[in-house]
There are 2 protein chains.
Amino acid sequence: MTQDRERRPTLDTIAQRVGVSRATVSNAYNRPDQLSGALRERIIATAKQLGYAGPDPVARSLATKQAGSVAFMLCDGLSSAFSDPALSIMLDALSSTMDTGERSLLLLPGVSGDGPRAQSVMRAQTDVVVAYSLPDNAPALEAVRARDLPLVVVDQPFVPKSARVRVDDRGGAYLAAKHVAGLGHRHVGIVGLGLSADGVGGPVSPQRIEQAHFEVTLDRLAGYREALGEQGILADAVPFWEAPGNAREMGREGARWLFGLEPRPTAVLCMSDELALGAIRAANELGLSVPGEVSVVGFDDTPAASWADPPLTTVRQDLVAKGRQAGELALRMLDGARPGRPVTIGVDLQVRGSTAAVV
Amino acid sequence: MTQDRERRPTLDTIAQRVGVSRATVSNAYNRPDQLSGALRERIIATAKQLGYAGPDPVARSLATKQAGSVAFMLCDGLSSAFSDPALSIMLDALSSTMDTGERSLLLLPGVSGDGPRAQSVMRAQTDVVVAYSLPDNAPALEAVRARDLPLVVVDQPFVPKSARVRVDDRGGAYLAAKHVAGLGHRHVGIVGLGLSADGVGGPVSPQRIEQAHFEVTLDRLAGYREALGEQGILADAVPFWEAPGNAREMGREGARWLFGLEPRPTAVLCMSDELALGAIRAANELGLSVPGEVSVVGFDDTPAASWADPPLTTVRQDLVAKGRQAGELALRMLDGARPGRPVTIGVDLQVRGSTAAVV
DNA sequence: TTGTACGCGTTATCAG
DNA sequence: CTGATAACGCGTACAA
């Protein structure tokens, strides 16, 4: 191993062997038009013969001041992160937008809902950072600022001097709540996403809402309440369960709590499709038919939503557009563009089979 | 932007300002024990004041000859890759095994089932590569060899001088097929994973099997056939549909084809849980009850398998162990260890509600 | 603590 | 045109 390293040929090795300068060998790889074809072939042949695999990527990065990668920061570990189907779709769109084959994707998993460690960010070889739905007190964000790296924030939080892609969360939630209210539901419960990254879940107190670190959750909550308020349903009368993560299991748990309340909600608004699918499961387990006795609404419109039984009524956000926009913003930031105004992805309500008029 | 770069302070800037040498400033960050606390504080303070965020990661990599990242190569794009829940779990285990906070994860998505482009690999700043279930003719593998990077192969294919983690695919498939045969099933169909990365799916011809590029698919097929053969069921009598990817939709399509055959299979062996869930859906849509009229077996035992209705009988592989083993092998390869023998992850059959005796 | 010799390329600028 | 010279880029590590 060590010997390998020592023996590893460099541009100079090839140059000496061929009898040209290092610059010429470099040109053979990066600017074929700068030298004659014959010489280039001789160089490449010699390189192959010596087992030289081309310019070292790290050295090249140092010289060009381009790390050649995009860092993507996640709130959680990979497993929980990718159990969120919305993320995969978004990330795929992002990577195919950016990946000209030149750039790779550096994944910085989060530690326990708090996002990546500051040190991971300090040591990351990257030109630009994309943060995906981090809490507003994530240490990683401070590290990005310290390094003065261009930053694109997806969803949340607000960070000064960064570009941002967000979704009309409040508007989407408003549509969802208005829909069930219009169907006559007056007892409505909410299964929400996290308010803080502390892993705490359960019925939500007003204080906890005040100390929230996730803007998206607050926005969706506000949208729900606004629409329900218009029907004279007060916020106090709307039970709200916080799920500590976006997993079916947690939606199921929250819904089970809601269904045990008196009066039992006839409609459940969920802040994600995964939570909603868990809620449907909970209803089934309690012998409540969906949508006969309980209506359930999701958020995101992931593929699983239309696959579900019954197909899920949900708020659609264009995940591909979101990823593409994030990618384009990142590219633009790389070119030194100013952050500009946040890009907002629109939403609309997909009415399917999981909601019905109250009986 | 450009100005930023030009003005960006370096170790030297700080050193001059504080009146010490560059080496001392470097030590202040990396070897605090090498200098007095007071001096260190003065250095850090000056750095902060000048907006210096610590040693440049790329320069450090050049000096230490450590890129500080693990490259992970995927067969497909991120979206289809992560629609495979088994991958998320495995990758999470891998990243938490390796991530001492020092190392990050470089994701190299594949292009169209063929794995990453060779050029992506040539330019990747990485110390070690983990390849996840690539076809044996993937160009990326040749690039890894050309760069002489340590390689850990997960699942497939065989690559000389690389470490490997695999699963007892043949044994697992054998268990699955033996199970249904033991339940009396004599008309058995197979919904398999891809044989090549060409995106082709459908009923499989013998020639196509001969030209296969995915060993895992062949192993599982062999396991199925072996167990069925022991019951006198010949390979020719076992219809085999190839799904071009691991998605429910494709399992559904394959099962639909099987259910249209004469005689109709009473049991369907699927090479993944996702395919199996699609098969159950297809059965339901045709009014065939599972397991009453049709038995379905999966492979992997992802969380969705036990969530399914009915809960899926499937071959369990320990995905966490797989990821951890891959991570440990990668770490060992980094230390210059020799590849060693392949590590094989054991399997066992989880009998649940999707299989029953033939009527 | 400090000199200082690397590490491995890129990219003007220059000369033949 | 073709190819060479040489000035960076930013740290690390070891001997002094």
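The figures here come from the full heavy-atom set of this structure, side chains too, leaving out hydrogens, waters and symmetry mates.
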Taking atom [atom2] of [N] as reference, at what distance in whole Å does atom [atom1] of [X] sit?
| X | N | atom1 | atom2 | result |
| --- | --- | --- | --- | --- |
| Gln125(B) | dG9(D) | CD | C1' | 14 Å |
| Leu62(B) | dC8(D) | CG | C1' | 13 Å |
| Arg123(A) | dC10(D) | CZ | P | 18 Å |
| Asp33(A) | dT2(D) | CG | P | 9 Å |
| Gln66(B) | dA13(D) | CD | C1' | 14 Å |

**Request:** Sequence neighbours left out, what passes side chain to side chain donor-acceptor pair (under 3.5 Å) with Glu215(B)? Give chain and number order.
**Result:**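 Arg164(B), Arg166(B).
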**Request:** Mind checking side chain to side chain donor-acceptor pair (under 3.5 Å) for Gln325(A) and listing every partner two or more places apart, or none if nothing turns up?
**Result:**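 For Gln325(A), no residue satisfies side chain to side chain donor-acceptor pair (under 3.5 Å) once neighbours in sequence are set aside.
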**Prompt:** Can Asp127(B) and Lys65(B) be counted as an ion pair, charged N to O under 4.0 angstrom?
**Reply:**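 No, Asp127(B) and Lys65(B) are not salt-bridged.
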**Item:** Residues in salt bridge (charged side-chain N to carboxylate O under 4.0 Å, His left out) contact with Asp114(B), at least two apart in sequence or another chain
**Value:**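 If we apply the salt bridge (charged side-chain N to carboxylate O under 4.0 Å, His left out) test to Asp114(B), skipping adjacent residues, there are no hits.
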**Asked** Who pairs with Asp12(A) by salt bridge (charged side-chain N to carboxylate O under 4.0 Å, His left out), at least two apart in sequence or on another chain?
**Response**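 For Asp12(A) the salt bridge (charged side-chain N to carboxylate O under 4.0 Å, His left out) partners, ignoring immediate neighbours, are Arg22(A).
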**Message:** Taking the axis from the first five pairs and the axis from the last five, what angle separates them in the helix from dT1(C)-dA16(D) to dG16(C)-dC1(D), rounded to 10 degrees?
**Reply:**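 Roughly 40° between the end axes, to the nearest 10°.
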**Prompt:** Do we see a donor-acceptor contact under 3.5 Å between the side chains of Arg60(A) and Asn30(A)?
**Reply:**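 Looking only at side-chain atoms, Asn30(A) and Arg60(A) do form a donor-acceptor pair, the distance falling under 3.5 Å.
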**Asked** Which part of the nucleic acid, if any, lies within contact of Val58(B), taking any heavy atom under 4.0 Å across all strands shown: a base, the sugar-phosphate backbone alone, or nothing?
**Response**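 No contact.
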**Message:** Please encode protein proximity along nucleotides 9-16 of chain C as a string of B, S and -, counting only heavy-atom distances under 4.0 Å.
**Reply:** BBB-----
Please determine whether a side-chain nitrogen or oxygen atom of [X] lies at a distance below 4.0 Å from atom OP1 or OP2 of [N].
| X | N | result |
| --- | --- | --- |
| Ser61(A) | dC10(D) | no |
| Ser36(A) | dT2(D) | no |
| Lys65(B) | dC8(C) | yes |

**Asked** Knowing that exactly one of Asp56(B), Leu106(B), Val58(B) qualifies, which makes a side chain to side chain contact (heavy atoms under 4.5 Å, CB included) with Gln125(A)?
**Response**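 Checked Asp56(B), Leu106(B), Val58(B) against Gln125(A); only one passes side chain to side chain contact (heavy atoms under 4.5 Å, CB included): Val58(B).
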**Asked** Closest heavy-atom contact between Tyr132(B) and Asp155(B)?
**Response**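 So the minimum-distance heavy-atom pair works out to CE1-OD2, 4.1 Å.
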**Request:** Considering non-hydrogen atoms only, spot the tightest contact between Met73(B) and Ala140(B) and give its length.
**Result:**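 The pair with the smallest heavy-atom distance is SD-CB, 3.8 Å.
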